[in-house]
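Keep in mind that the numbers below use all heavy atoms, side chains included, and drop hydrogens, waters and symmetry copies.
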Amino acid sequence: MTVPTKYANSYVPVKYFLSSYRALSDGRSGIRHLDERLAEATFLLSEWKIIWIGTCAVLRTAIDLFRVDAKSCLSPRIRHEITVEWNAIKYQREDHTIFWDFLRQERDNVIHEYQWRAYEQWIKPDGTFRATRLSLLALADDDAKPVLLMKSGPFEGRNSLDLLKEGADWVEARIFGAIRRAGFDPEERRGLVHFQPPPTLNGGILSDLSDDAAQP
């Protein structure tokens with residue numbers, strides 16, 4: 001990540017230096033948006049699809065960006081561990097099915113074939129389901145709530161939104177694991193230009209970046 005020298009005295013958490021983490025952050029925003037929309041009584045069933053595929057694609061991209069981060073101007077130790085993590089995902093697919101059989105496959109199914117494995121359903125307070133309405137504009141008289149489920153594949157029957165959240169947690173674990181193995185804390189602040197820790201004065205941080213400008 002190249003930044004202007006005017007930010008020489010600006011410091012951000014190590015995690016924000018990785019393009020993969022910044023993509024993950026956007027993916028989590030998509031999850032929150034979908035979660036909120038499903039809770040709205042005026043939400044049209046047709047509207048969840050674009051949020052769904054966008055979020056799946058961004059979370060998949062976060063992993064693809066490992067190859068970009070591995071060639072960046074970050075610490076050599078981080079670049080190495082990112083490469084190790086990517087190779088593990090690539091060559092040990094049975095250990096990372098949530099990427100290969102969900103995030104990657106779901107995105108490919110929609111982009112290349114416009115096929116959706118997630119589908120809408122109504123769930124009652126007792127855990128049973130009832131027939132899908134044309135839209136969520138029609139208020140249910142049995143307190144049923146809208147839910148997205150997986151209709152096929154290795155995750156058939158799973159709550160689609162929960163699976164998306166699980167995918168985001170998996171992506172974060174891969175990123176944070178690589179950072180920690182490299183000897184850094186994902187939350188520790190480093191200089192945007194020189195990647196050095198903030199100078200200290202009497203044991204305290206002399207210069208730091210405000211929270212509202214934490215993301216480069």
Side-chain angles (χ1 to χ4, degrees), residues 1-35 55-100 102-104 161-216:
M1 180 178 62
T2 303
V3 295
T5 55
K6 68 179 181 179
Y7 295 112
N9 294 319
S10 296
Y11 300 84
V12 299
V14 170
K15 61 188 181 183
Y16 285 117
F17 283 85
L18 280 75
S19 297
S20 52
Y21 182 80
R22 298 197 296 275
L24 168 63
S25 296
D26 290 337
R28 288 200 183 279
S29 295
I31 291 173
R32 287 193 298 272
H33 184 48
L34 183 57
D35 208 353
T55 304
C56 286
V58 169
L59 291 178
R60 172 199 167 152
T61 297
I63 294 300
D64 289 339
L65 285 171
F66 275 27
R67 289 173 288 183
V68 174
D69 288 333
K71 299 177 182 178
S72 67
C73 54
L74 290 170
S75 160
R77 286 178 292 170
I78 294 180
R79 296 202 308 268
H80 170 72
E81 292 300 337
I82 286 290
T83 299
V84 169
E85 194 67 56
W86 166 247
N87 286 335
I89 295 170
K90 182 178 180 180
Y91 296 112
Q92 299 170 20
R93 296 192 177 197
E94 67 280 0
D95 296 329
H96 305 290
T97 57
I98 198 164
F99 175 69
W100 295 106
F102 173 55
L103 294 176
R104 188 174 185 273
L161 185 58
D162 286 348
L163 190 57
L164 202 57
K165 293 175 181 178
E166 185 178 317
D169 290 342
W170 174 85
V171 173
E172 181 176 290
R174 307 281 71 73
I175 296 171
F176 282 12
I179 293 174
R180 292 189 177 107
R181 289 196 307 272
F184 298 93
D185 185 319
E187 304 298 336
E188 71 175 277
R189 293 176 179 269
R190 292 279 169 159
L192 280 173
V193 174
H194 46 66
F195 201 68
Q196 295 299 311
T200 59
L201 181 63
N202 297 326
I205 294 178
L206 179 64
S207 177
D208 205 349
L209 186 64
S210 61
D211 289 340
D212 62 351
Q215 297 192 40

Q: Any chance you could lay out the ring pair (Phe, Tyr, Trp, His ring centres under 6.0 Å) test for Tyr11 and His194, step after step, and finish with the verdict?
A: CA-CA 10 Å; Tyr11 300 84; His194 46 66; 5.7 Å; yes
Once you round to the nearest 0.5 Å, how far does [atom1] of [X] lie from [atom2] of [Y]?
X: Asp26; Y: Thr61; atom1: CG; atom2: OG1; result: 10.0 Å
X: Trp170; Y: Ile175; atom1: CH2; atom2: CD1; result: 9.5 Å
X: Ile98; Y: Leu164; atom1: CD1; atom2: CG; result: 8.5 Å
X: Thr55; Y: Leu59; atom1: OG1; atom2: CG; result: 6.5 Å
X: Glu172; Y: Ser20; atom1: CD; atom2: OG; result: 11.0 Å

Between [X] and [Y], what is the shortest heavy-atom contact and its length?
X: Pro13; Y: Pro186; answer: CB-O, 3.6 Å
X: Ala23; Y: Leu65; answer: CB-CD1, 3.8 Å
X: Gly191; Y: Phe17; answer: O-CZ, 3.3 Å
X: Val171; Y: Ala62; answer: CG1-CB, 3.9 Å
X: Ala168; Y: Arg28; answer: O-NH2, 3.5 Å

Is there side-chain contact between [X] and [Y], with heavy atoms separated by less than 4.5 Å?
X: Pro197; Y: Arg190; answer: yes
X: Leu103; Y: Ile63; answer: no
X: Leu18; Y: Phe66; answer: no
X: Glu166; Y: Phe102; answer: no
X: Leu24; Y: Lys15; answer: no
X: Ile179; Y: Asp185; answer: no
X: Phe184; Y: Ile78; answer: yes

Q: Start with the C-alpha gap between Arg22 and Asp69, add the side-chain angles, then the distance that decides, and say whether salt bridge (Lys or Arg N to Asp or Glu O under 4.0 Å) holds.
A: CA-CA 11 Å; Arg22 298 197 296 275; Asp69 288 333; over 6 Å; no
Q: Please answer whether the main-chain N or O of Val68 pairs with a side-chain N or O of Ser72 as donor and acceptor at a distance below 3.5 Å.
A: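 Between the backbone of Val68 and the side chain of Ser72 there is no qualifying donor-acceptor contact (under 3.5 Å).
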Q: Without swapping roles, check the side chain of Trp86 against the backbone of Glu81 for a donor-acceptor pair under 3.5 Å.
A: no
Q) What residue among Arg174, Lys90, Arg79, Arg180 forms salt bridge (charged side-chain N to carboxylate O under 4.0 Å, His left out) with Glu85? A)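 Going through Arg174, Lys90, Arg79, Arg180 one by one, the salt bridge (charged side-chain N to carboxylate O under 4.0 Å, His left out) with Glu85 is satisfied by Arg174 alone.
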(Q) Which label fits Phe176 and Tyr21: parallel for a plane angle under 30°, tilted from 30 to 60°, or perpendicular past 60°? (A)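 Aromatic pair Phe176/Tyr21 classed parallel.
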**Q.** Pair Arg32, Ser29: side-chain N/O donor-acceptor within cut-off below 3.5 Å
**A.** yes
Q: Under the salt bridge (Lys or Arg N to Asp or Glu O under 4.0 Å) rule, what do Asp64 and Arg104 come out as? Steps first, then yes or no, please.
A: CA-CA 10 Å; Asp64 289 339; Arg104 188 174 185 273; 6.0 Å; no
